[in-house]
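Since the structure is predicted, the reported quantities are computational estimates derived from the model, not experimental observations.
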Amino acid sequence: GCAVALSACVTTQKLSVDAQFTTLAEQVVAYRKSIDPFAQNGAVNGHYLADLSPEFLAQTNAKREAFVQQLELLESTELSSENRINLAILKAQIQNNIDEYKFNAHYMPLTSEFGFHSELSFMVARSDFSTRAGYELYLQRLADVPRYFNENIHWMKEGIKIGLTQPKVVLQGYESSIAALINQDIE
């Protein structure tokens, strides 16, 4: 009888740690959605595109650091094997975001693989044009483009000040990706 009681305690404790991890993982997912205007299908802090203000980036980083601290408090050895893997992946994802902030990745919004201007083409694909509200939201996002571009330009200038830029060779031909977004045949 004693061995059965002890194994039940271990199982309950294991489920408890798994439940704690699941709850925390759900909080991370909910937070990610809460700061993504596309996931919200509307504005976040009055912005219809990503908020890149210094205050918002610092606040987001602090929240991510708090998530990592909470994840580190979990007894990973008591998690199911599946959740040990999930924990490792989730911590790595969040830590990567923290490291990007720490090392000023936002100072370099143009890379060989992506540029902030590409958001415009994604904006079309991620919009719902089947309703009037969808069109209105798209127009609100278009109206937010100047702010979004200005914030990215601000960060590029900060990067230039400290010498954090892409090598010139990486950006050769980059202007064609921008030119593709400009309609020359406007009536």
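Using a 3.5 Å distance cut-off with no hydrogens or angles, the side chains of R32 and Q93 do pair a donor with an acceptor. Using a 3.5 Å distance cut-off with no hydrogens or angles, the side chains of Y107 and E158 do not pair a donor with an acceptor. D99 and N96 share no side-chain donor-acceptor pair at under 3.5 Å.
R126 and D36 are joined by a salt bridge, as a carboxylate oxygen and a charged side-chain nitrogen come within less than 4.0 angstrom of each other. Taking 4.0 Å as the cut-off between side-chain N and carboxylate O, R147 and D144 count as a salt-bridged pair.
The main-chain N or O of H47 is never found under 3.5 Å from a side-chain atom of D51 such that the two would form a donor-acceptor pair. Within the 3.5 Å criterion, the main-chain N or O of L52 finds a donor-acceptor partner in the side chain of W155. With hydrogens and angles ignored, the 3.5 Å screen pairs no side-chain donor or acceptor of R64 with any backbone N or O of I94. The backbone N or O of S130 sits less than 3.5 Å from a side-chain atom of D128, completing a donor-acceptor pair.
A cation-pi arrangement is absent between K33 and Y31, since the terminal nitrogen or guanidinium carbon is not both under 6.0 Å from the aromatic centre and inside a 45° cone about the axis.
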Practice task
Go through the steps to decide whether F21 and L71 satisfy the test side chain to side chain contact (heavy atoms under 4.5 Å, CB included), and finish with yes or no.
Solution key: CA-CA 7 Å; F21 170 75; L71 289 168; 4.1 Å; yes
Exercise for the section: For the pair E151 and F116, evaluate side chain to side chain contact (heavy atoms under 4.5 Å, CB included) and give the outcome as yes or no after the intermediate values. Expected result: CA-CA 10 Å; E151 287 179 348; F116 64 90; over 6 Å; no
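When every heavy atom of F149 is checked against every heavy atom of L120, the shortest pair comes out as CZ-CD1, 3.9 Å.
The environment of CD in E82 is sparse: at most 12 heavy-atom neighbours from other residues, nucleotides or ligands sit within 6.0 Å.
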